[in-house]
Amino acid sequence: MNPYPDFLHVITLDQCDSTNNYVKANHENLKDRLPVLVISTLQTAGRGREKRNWLSSRGKGLYSSFGFNLENSQKLNFLPLIAGIIVIETLKKITGIEWGLKWPNDILYKNKKIAGVLIENIITASDIFCITGIGINLNHTAADFPGELQEKAISLKMITGLDTSAGQINPVLAALLFQWLEKLKSGATKEIIQTANRYSGFLQDKKISFHYPVDNKIISGIFKGINHDGGLLLENEQGSTAIYYSGEIV
Ligand code: BTN
């Protein structure tokens with residue numbers, strides 16, 4: 001039985017440089033077969049946000065990218081939050097464990113990162129094509145992470161002691177992604193924001209540092225949640241609140 005939604009075109013690769021690159025490079029050919037999910041068992045050049053690498057060895061993690069059209073560019077702000085929400089809900093469904101969302105879409109367990117999302121959009125006059133790449137650390141031991149990541153990263157196996165296959169997780173991710181995209185389509189942005197704020201609750205009113213790429217600055221402030229259209233609310237020392245739509249909490 002096909003574990004995926006019937007309308008989803010699934011491409012399984014033994015290896016590639018990056019599943020996001022694969023979707024991007026094949027965008028023209030895939031146009032008539034959307035939505036698509038590209039899964040790879042390893043990536044030779046996995047990419048993270050802000051030009052970082054994403055550790056992508058065989059059998060250790062999940063490396064998947066969804067490609068789909070969005071009908072309205074105003075909805076783009078909500079996509080990073082939806083991606084974070086579906087990873088949290090998938091991992092919760094499989095393990096029963098609660099996870100934290102660090103705006104916009106890092107997934108944390110006790111302050112260590114287990115999963116991340118890289119969204120890349122191709123916007124033309126005729127359509128908005130979204131590539132949502134998801135990486136989840138599954139079967140790494142602490143020693144599998146290079147020195148600088150050992151303090152910051154964690155895998156499912158390090159938490160549960162169990163091996164997990166990407167094949168168990170991808171169908172759940174897919175089902176949840178299209179459920180949440182339907183909600184977005186129907187205008188349920190309030191539910192998206194409420195859910196993202198609930199998962200980010202552990203940061204509420206905490207002092208954070210934030211990397212703002214527009215002027216490449218680190219800004220400190222108090223996390224005041226996510227606003228009605230997906231922006232990060234940061235209160236400065238003077239007590240006024242600014243909204244940011246790009247960047248990440250560091
Ligand atoms: C981050 O937190 O920095 C984002 C990590 C995203 C990694 C995934 S793995 C599948 C897809 N292909 C890539 O090259 N990157 C994303």
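Nothing here was measured: the structure is a model prediction, and the numbers come from that model. Every heavy atom of this structure was used, including side-chain atoms; hydrogens, water molecules and symmetry mates were not.
With hydrogens and angles ignored, the 3.5 Å screen pairs no side-chain donor or acceptor of K60 with any backbone N or O of L138. At least one donor-acceptor pair closer than 3.5 Å links the side chain of N227 to the backbone N or O of G230. Checked by atom type and distance alone, the side chain of R49 pairs as donor or acceptor with a backbone atom of G247 at under 3.5 Å. Proximity of a side-chain donor or acceptor of E248 to a complementary backbone N or O of H211 within less than 3.5 Å is not detected.
A donor atom on one side chain and an acceptor atom on the other are found under 3.5 Å apart for Y245 and D229. In this structure, a donor-acceptor pair under 3.5 Å is present between the side chains of T124 and D127. Under 3.5 Å, the side chains of E89 and Y199 contain a donor-acceptor pair of N or O atoms. A donor and an acceptor atom, one from each side chain of N170 and S64, are located under 3.5 Å apart.
Counting heavy atoms of neighbouring residues, nucleotides and ligands inside a 6.0 Å radius, atom CD of E71 exceeds 12 of them. Remark: D6 CG is loosely packed, at most 12 non-hydrogen atoms of other residues, nucleotides or ligands lying under 6.0 Å away. Counting non-hydrogen atoms of neighbouring residues, nucleotides and ligands closer than 6.0 angstrom, the CD atom of E237 reaches no more than 12 such neighbours. Heavy-atom neighbours of N111 CG from other residues, nucleotides or ligands within 6.0 Å: at or below the threshold of 12.
Nearest approach of F145 to M158, heavy atoms of both residues: CE1-SD, 3.7 Å. Residues K207 and S220 come closest through the heavy atom pair CE-CB, 4.2 Å.
Ring-centre distance between F7 and F178: below the 6.0 Å cut-off.
The side-chain heavy atoms of H9 and L30, taken from C-beta on, include a pair separated by under 4.5 Å. Using a 4.5 Å cut-off on side-chain heavy atoms (C-beta onward), F78 and I193 make contact. Annotation: side chain of S246 is in contact with side chain of V214 (closest heavy-atom distance under 4.5 Å). Under the 4.5 Å side-chain criterion, counting only non-hydrogen atoms from C-beta, N26 is not in contact with E28. Contact check for F210 versus L232: side-chain heavy atoms found under the 4.5 Å cut-off. Counting heavy atoms from C-beta outward, F129 and V23 have side chains that approach closer than 4.5 Å. I226 is listed as a side-chain neighbour of W103, based on a closest heavy-atom distance under 4.5 Å. Residues S65 and T132 have side chains not in contact (no heavy-atom distance under 4.5 Å, counting atoms from C-beta outward).
With values rounded to the nearest 0.5 angstrom, L55 atom CG is found 7.5 Å from N137 atom CG. If you take CD1 on I94 and CD on Q168, they are separated by 6.0 Å, rounding to the nearest 0.5 Å. Distance check, rounded to the nearest 0.5 Å: OG of S155 to CG of D144 gives 8.0 Å.
Contact check on D17 versus R47 returns no salt bridge, with no Lys/Arg side-chain nitrogen under 4.0 Å from an Asp/Glu carboxylate oxygen. Using a 4.0 Å cut-off between a side-chain N of Lys or Arg and a carboxylate O of Asp or Glu, E235 and K206 do not qualify as a salt bridge.
If you chain together hydrophobic residues whose side chains sit under 4.5 Å apart, I86 and V36 never meet in one group. Hydrophobic clustering places L76 together with W180 (ILVMFWY residues linked when any side-chain heavy atoms are closer than 4.5 Å, directly or through intermediates). In this structure, V38 is a member of the same hydrophobic cluster as L34, with clusters built from ILVMFWY side-chain heavy atoms closer than 4.5 Å.
Sequence neighbours left out, not one pair with a member in residues 40-63 passes ring-ring contact (aromatic ring centres under 6.0 Å, His included).
Applying the side-chain hydrogen bond (donor to acceptor under 3.5 Å, both in side chains) test to S186 and every residue at least two apart in sequence or in another chain returns nothing.
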Show your reasoning for whether side chain to side chain contact (heavy atoms under 4.5 Å, CB included) applies to W99 and L108. CA-CA 6 Å; W99 309 87; L108 304 186; over 6 Å; no
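Results of the side-chain contact (heavy atoms from CB on, under 4.5 Å) test with V172 over V87, T90, L91 single out T90 as the only residue that passes.
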